[in-house]
Amino acid sequence: MIEFRTVTKKFPDGTVAVDELSLVIPARQTTVLVGSSGSGKTTILRMINRMVEKTSGDIEIDGEDIYALNPVKLRRSIGYVMQNSGLLPHRKVIDNVTTVPVLNGVKKAQAREAALTLLDTVGLDRSLAERYPSQLSGGQQQRVGVARGLAADPNILLMDEPFGAVDPIVRSELQQELIRIQRDLGKTIVFVTHDIDEAFLLGDQVVLLEKGGRIAQQGTPAEILSRPTSDFVATFIGADRGRRALRVEVVNGRNVVVDEDGRPTGVLQS
Amino acid sequence: MNWVVNNLGLIWSLTLDHVALAVPPIILGFLISIPIGWVANRFHASRGVLLTISGLLYTVPSLPLFIALPAILGTGILDPINVVVGLTIYAVALMVRSVADALAAVDAGVRQAATAMGYSAWQRFWRVEFPLAGPVLLAGLRVVSVSTVSLVSIGSVVGVSSLGYLFLNGLQRNIIEEVASGIVATLVIAVVFDLLLVLAGRVLLPWAKADPTARRARRKTVETAIAGPSAGGSAVDDPAVSDPSMAGR
Ligand SMILES: Nc1ncnc2c1ncn2[C@@H]1O[C@H](COP(=O)(O)OP(=O)(O)OP(=O)(O)O)[C@@H](O)[C@H]1O
Ligand SMILES: [Mg+2]
């Protein structure tokens, strides 16, 4: 469990990126932070591994103040996946994946063995292990990024728009892959996106953020869809445009679900 | 040709002297430039100051410097140390900018990723930023190498033995072959050094060949290194540099 208690981040230039945020991120679930650009998602995420230092408030992991820990050690115990993969261009795929275990003192041969298994896990062919990142497609690089994030078997995985830079088809594949991996591994995932569909697809809990990291609404996708608590939320999830407003029409004696334009999207099973 | 054949022994031993004088400044200049370039890149305020000072150093004329150094260092006037120190100063002057530029060119995303994974600042520098700066550093080093090899000759004027002796002596005695052999031997050293550096790059930076962004960054620095300190040379005519993908820089 990760807990923020009235956490504020003010950058040296005076920008208050996160204003008195209080948030509980439950263990072994996927929590998605969603909000428009500049709402403070990345800042919140990076305060968890202390890449961004908080200005005030408390941040705890499993009841332990993260400021009581050495930041470098803390980071090695938390997986991090970012947009554009952030792979080290001068190291082969396999060496990218083994980076954190090796930093943690795991023997190289052993780490490599585990890394090959991880490539299987994220759906990458082992033959890519000896390539450099620039020799992979964007989607493949992102998979390596996920494998690297998982390599030290961290309890917590932070993901900052990890699928933001790939085409829709690949993104959809990667999302399904992540759902499968999470079903198997049960990590505490904090996932940042500005795509509300991605948030609803992946999140056990979704946290909708406004500017300054203020929580507009928080809950399961169903809770948020069924009862948006403000116009902001309704607009953000597309409810106001009727985008989420599906209707049932009876066709040939069956309940067909249609969208706002009357296009059929599926059949209700009774 | 007769003169060359009769004096092969002399040419060879002067070549060895020349190499022995050129290698230490290249290595020392590189090593000394790393911390200075790091500081220049790391602290905004220091960048302009350090780069300007190092740029000015390069404009100090070499002959007076070689003559002044014994007084400053307390060395003998004929001591090769003077030439090594003088050339190291020029090497630093050229290389500091390369180091600063090379470090600045390291992708911020990659640096952040390295931090996120749990590299300490020291580990991150040596295992991520420094290697990634490699292609640009190598480009700078090649410029330093050529510059140093050619400047060594001036040491002969102050009596430190190098291939420069062949120009001086050849001119005085009006032996064209002697002058030419000095020039050719210097060129050969410069080319061999350059090949060795390129080879070292191939071995140490195998990833750079695969990485188009590294190639672009490298090309850009060669241009600034050449156009920078040495009287604003026109690297713009170089077809490799006037690549359309770099337009609007
Ligand atoms: N290093 C910094 N210095 C000053 N201001 C910053 C810094 N980093 C972020 N900010 C500001 O803090 C606010 C929140 O930024 P943040 O990167 O957390 O947003 P985000 O929600 O991740 O946006 P995006 O979806 O575009 O990634 C923005 O106004 C941003 O300009
Ligand atoms: Mg962000």
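Letters go in sequence order (proteins before strands), and every chain restarts at 1. These values consider heavy atoms only, across backbone and side chains, with no hydrogens, waters or symmetry-generated copies.
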Backbone N/O of B:Gly134 and side chain of A:His90: donor-acceptor pair under 3.5 Å: no
Contact class of A:Arg148 relative to chain B, heavy atoms under 4.5 angstrom: side chain
Contact winner vs chain B - A:Leu88, A:Ile78, A:Asn49, A:Val81, heavy-atom pairs under 4.5 Å: A:Leu88
When A:Leu87, A:Leu158, A:Thr99, A:Asn70 are compared by non-hydrogen pairs under 4.5 Å with chain B, the top option: A:Thr99
Side chain A:Arg75, main chain B:Ala116, donor-acceptor under 3.5 Å: no
Heavy atoms from other residues, nucleotides or ligands near CG of B:Asp107 exceed 12 (cutoff 6.0 Å): yes
Residue B:Arg111 versus chain A: region with a heavy atom under 4.5 Å: neither
From NZ (B:Lys209) to CD (A:Gln135), nearest 0.5 Å: 9.5 Å
B:Arg202, CZ atom: more than 12 neighbouring heavy atoms under 6.0 Å: no
Spacing of A:Arg50 atom CZ and B:Thr115 atom OG1 [to the nearest 0.5 Å]: 13.5 Å
Proximal component of A:Arg131, with respect to chain B [non-hydrogen, under 4.5 Å]: neither
Beyond-backbone contact of B:Trp207 with A:Pro133, side-chain heavy atoms, under 4.5 angstrom: no
More than 12 heavy atoms of other groups within 6.0 Å of B:Trp126 CH2: yes
Atom group of B:Gln112 that falls short of 4.5 Å from chain A, counting heavy atoms: both
Atom of A:Val72, atom of B:Ser120 and distance for their closest heavy-atom approach: CG2-CA, 4.0 Å
Smallest separation among heavy atoms of A:Gly86 and B:Ala113, with atom names: O-CB, 3.1 Å
Neighbour count above 12 (heavy atom, 6.0 Å) for B:Ile81 CD1: no
Which portion of A:Asn84 sits near chain B, non-hydrogen atoms under 4.5 angstrom: neither
